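Contents: one structure, followed by commentary.
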Amino acid sequence: MDGSTFGLNGGVTVRMLDRGDEAMVRSVLTRFKAYPTTDPEEFLADPRTLLFVADDGGTPVGWLYAYELVRPEGRRAMLLYELEVAPEARRRGHGRALLEALLTEARARGHLRVWVLTEPDNEAAAALYAATGGAGSTRVMFTWALP
């Protein structure tokens with residue numbers, strides 16, 4: 001990660017976080033996930049994890065995190081794991097800017113594919129993904145909850 005910054009309208013920036021951004025990660029997790037205490041150093045130190053934040057004057061208004069996956073034959077793909085924008089900041093382009101920042105980084109890393117899973121009734125996510133060139137799928141996902 002290199003701490004890249006992408007400008008948006010209205011003073012909002014999208015930035016890829018890096019080591020040294022632990023306080024911002026804590027702020028994001030507290031705001032969006034209700035995780036009041038965390039140690040994000042391991043996440044930020046891993047070159048295969050990416051965390052982008054849409055920041056408005058030091059306040060996170062959106063975030064996205066993804067994982068770079070290395071396949072057995074050496075090709076790489078990017079899994080977009082989560083993208084969220086605060087309710088008061090929605091419909092102002094922040095989600096799109098976060099996603100475009102991820103796509104830019106994935107291209108720079110030589111990835112051939114970025115993928116994401118979403119719920120069938122998540123119309124806002126589906127609209128965003130389609131508007132940025134994503135293609136839908138009819139695949140079914142299985143999960144295993146491990147105790």
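None of the values given here were measured: they were computed from a predicted structure. Values below: every heavy atom of this structure, side chains too, minus hydrogens, waters and symmetry copies.
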Checklist entry - Is there side-chain contact between M78 and L50, with heavy atoms separated by less than 4.5 Å? => result yes

Next on the checklist: Does any part of the side chain of H94, heavy atoms only, come nearer than 4.5 Å to the side chain of D56, both counted from C-beta?
Outcome noted: no

Checklist entry - OH/Y67 to CZ/F43 distance, rounded to the nearest 0.5 angstrom? => result 5.0 Å

Next on the checklist: side chain to side chain contact (heavy atoms under 4.5 Å, CB included), that's the test. Do L29 and R26 meet it? Break it down for me.
Outcome noted: CA-CA 5 Å; L29 293 177; R26 286 185 193 94; 5.9 Å; no

For residues 79-86, which side-chain donor-acceptor pairs fall under 3.5 Å, sequence neighbours excluded?
residue, atom, partner, partner atom, Å
E82, OE2, K33, NZ, 2.9

Checklist entry - Going from CG on D46 to CD on E68, what distance comes out if it is rounded to the nearest 0.5 angstrom? => result 9.0 Å

Item to check | Distance in Å, E100 CD paired with L128 CG, rounded so as to fall on 0.5 Å steps | outcome: 8.5 Å

Item to check | Verdict with reasoning, T49 to E42, per side chain to side chain contact (heavy atoms under 4.5 Å, CB included) | outcome: CA-CA 10 Å; T49 60; E42 182 179 6; over 6 Å; no

Checklist entry - Could you give all pairs that pass the salt bridge (Lys or Arg N to Asp or Glu O under 4.0 Å) test and reach residues 129-138, with sequence neighbours left out? => result none

Checklist entry - Would Y65 and V28 count as a side chain to side chain contact (heavy atoms under 4.5 Å, CB included) if you check the C-alpha gap in whole Å, the side-chain angles of each, and the deciding distance to 0.1 Å? => result CA-CA 11 Å; Y65 77 98; V28 165; over 6 Å; no

Next on the checklist: Given W63, which partner from the list L51, L98, V25 fulfils the side chain to side chain contact (heavy atoms under 4.5 Å, CB included) test?
Outcome noted: L51

Item to check | Non-hydrogen atoms of F32 and G62 that approach each other most closely | outcome: CZ-N, 3.6 Å

Item to check | E105/R109 salt bridge by N-O under 4.0 Å criterion | outcome: yes

Item to check | Contact list for residues 113-138, test salt bridge (Lys or Arg N to Asp or Glu O under 4.0 Å), sequence neighbours left out | outcome: none

Checklist entry - Does S27 reach the main-chain N or O of A23 with its side chain, forming a donor-acceptor pair under 3.5 Å? => result no

Checklist entry - For D18, does its backbone N or O pair with a side-chain atom of D21 as donor and acceptor, under 3.5 Å? => result yes

Checklist outcome for this item: On a heavy-atom basis, the closest approach of A125 and N122 is N-OD1, 3.0 Å

